Amino acid sequence: MIPKQAKQSVGQRFLARFRDAGAEEIAPDILLPAGDLLDLYGEDIRARAYVTQDPIRGEMMLRPDFTVPVVRAHMQNGADPARYCYLGEVFRKQDMGDTRPAAPRDNEYLQCGFELFTRDPQADAEVFALFHDALAPLSLTAQIGDMGLLLDAVRGLPLTQARAAALMHHIWRPGRFARLLARFSTPAVARDFPDAAAPWAGMRTEDEMIRRIARLQSDAAVPPLSPVWTERLDRLFTLRAPAPDALAALTDLARDMPAIAPAVTRIRARLDAIAARGIDLSAVIFDASHGRTTLEYYDGFTFSFVADRAGWPPVASGGRYDALTRVLGRGREIPAVGGIIRPGLVAELEAQA
């Protein structure tokens, strides 16, 4: 068991590094309004967060991570470029799908983070290089992805607006997404619906049921998605290779999926910028589905640094969340990218070295 003092010491070391990169330290509240967090993180966070009821402030949540409160604090004062860093506890319930043994650190643990608000096109490479260099002594595996690539691929499918929206909504839930895609790729089975003279029962009103039946009938008439598109989507979602090899595969795939061509261009430019900072791209894994099981606010570049330890979560992770600043900015916006390190995991790795 690593003492809390040792974890704090590691966290302070990374915090100093982020300050040296020009970041201002910020300390968001621990207890936050739950409604906004549920809207921004996605309803699935409820199963992993600690939620309580306050008689005056309503439903509240123990801080599940720092990004949303940091973005909120920044956007309340405008949308100017800024850099922030922080160190503090976050609180998560044990994930039922997590293979890591239950331990206090899985429920309450330190995060040390860095958030960059800027319109500089080099921002992704800068943040990735900052984390890469800070974690270099630990020999972790660097993994990257791009949620924008997957979102563009789904938008480019020859689907009705309703079906595309349904897939977009579940893209962060791979199991549900796969089941939905399978349904849209299979000819619909004709259904018999009650006629207007049949008695209505249940909690829904007659108008609600009539609208629901009309939607089902309309959807049943939509032809299935061609197998060629599901095959292309599978090639994309399962792509995992060293970054140079992945870029070559994406370039080929973009010929069959023109909707992803702009994203591939962005990825190429990002990889060039990362390489220009002295990072060996052949040692960086590009995983096209990277970021699909994280929080829903990532909408572009994603990254993580993982240890060779069975069941361990990433030692560090992060990504781009431009849309989040638009939501919280109420008319203002600024591109943003950031990430966190778990000092407790770093302290454990250093103790075992």
Side-chain angles (χ1 to χ4, degrees), residues 25-79 84-98 100 102-113 115 117 147 165-166 168-177 202-205 208 212 291-299 302 313-314 317-334 336 338-340 342 344:
E25 188 172 354
I26 189 171
D29 292 339
I30 292 177
L31 195 61
L32 302 166
D36 291 344
L37 292 172
L38 291 169
D39 290 342
L40 296 167
Y41 286 113
E43 185 67 27
D44 289 353
I45 193 66
R46 184 184 292 275
R48 294 181 284 154
Y50 290 95
V51 182
T52 187
Q53 191 73 28
D54 183 270
I56 296 176
R57 301 177 67 187
E59 196 174 40
M60 305 294 289
M61 183 183 293
L62 285 176
R63 183 173 62 206
D65 94 333
F66 279 87
T67 301
V68 168
V70 169
V71 174
R72 186 189 304 280
H74 177 72
M75 300 308 293
Q76 284 175 348
N77 298 315
Y84 299 102
C85 61
Y86 47 82
L87 174 65
E89 291 81 6
V90 296
F91 306 85
R92 301 275 187 91
K93 294 178 184 177
Q94 188 73 175
D95 187 344
M96 296 302 292
D98 192 355
R100 188 171 173 79
R105 70 182 177 205
D106 291 322
N107 298 64
E108 174 186 350
Y109 56 89
L110 282 176
Q111 280 189 355
C112 183
E115 310 292 342
F117 297 80
M147 283 303 301
M168 294 281 284
H169 179 69
H170 290 295
I171 199 167
W172 286 272
R173 306 168 185 87
R176 297 183 200 178
F177 182 93
M203 299 296 294
R204 297 179 186 268
T205 67
E208 287 174 331
R212 173 64 174 164
R292 290 189 70 198
T293 57
T294 59
L295 299 172
E296 294 183 19
Y297 52 68
Y298 290 132
D299 55 10
T302 61
S317 60
R320 176 165 288 280
Y321 48 89
D322 295 350
L324 188 57
T325 72
R326 291 194 292 272
V327 172
L328 294 177
R330 303 182 186 279
R332 300 185 301 267
E333 59 83 26
I334 184 170
I340 63 95
R342 292 181 61 160

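Note that this is a predicted model, so its numbers are computed, not measured.
No donor-acceptor distance shorter than 3.5 angstrom exists from the side chain of Arg63 to the backbone of Val90, with no hydrogens or angles considered. Judged by distance alone, with hydrogens and angles left aside, the side-chain atoms of Asp54 form no donor-acceptor pair with the main-chain N or O of Glu59 at under 3.5 Å. When atom types are taken as modelled, the side chain of Arg292 and the backbone of Ile171 share a donor-acceptor pair closer than 3.5 angstrom.
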Could you go step by step and tell me if Met75 and Val327 meet the side chain to side chain contact (heavy atoms under 4.5 Å, CB included) rule? CA-CA 10 Å; Met75 300 308 293; Val327 172; over 6 Å; no
Could you go through the side chain to side chain contact (heavy atoms under 4.5 Å, CB included) check for Tyr109 and Arg92 one step at a time? CA-CA 9 Å; Tyr109 56 89; Arg92 301 275 187 91; 4.0 Å; yes
Determine, step by step, whether Asp65 and Ile340 satisfy the side chain to side chain contact (heavy atoms under 4.5 Å, CB included) criterion, reporting the C-alpha distance in whole Å, the side-chain angles of both residues, the deciding distance to 0.1 Å, and the verdict. CA-CA 9 Å; Asp65 94 333; Ile340 63 95; 5.8 Å; no
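For an aromatic pair to be called close, the ring centres must be under 6.0 Å apart, and Tyr86 with Phe66 satisfies this.
The two residues Phe117 and Thr325 have their closest heavy-atom pair at CE2-CG2, 4.1 Å. Scanning both residues, Arg342 and Pro314, for their nearest heavy atoms gives CD-O, 3.8 Å. Between Tyr297 and Tyr321, the shortest heavy-atom contact is O-CB, 3.5 Å. Pairing each heavy atom of Thr52 with each of Leu31, the nearest pair is CG2-CD1, 4.4 Å. Between Leu87 and Cys112, the closest heavy-atom pair is CD1-CB, 3.8 Å. The two residues Ala34 and Val51 make their nearest non-hydrogen contact at CB-CG1, 4.5 Å.
In this structure, CE in Met60 is found 12.0 Å from CD1 in Ile30, a value given to the nearest 0.5 Å. Atom CE of Met168 is separated from atom CZ of Phe177 by 9.5 Å, given to the nearest 0.5 angstrom. Rounded to the nearest 0.5 angstrom, Thr67 OG1 and Gln111 CD are separated by 7.5 Å. For the atom pair CG of Asn107 and CD of Glu89, the computed distance is 13.0 Å after rounding to the nearest 0.5 Å.
Just one residue in the list Glu115, His74, Glu25 forms a side chain to side chain donor-acceptor pair (under 3.5 Å) with Tyr84, and that residue is His74.
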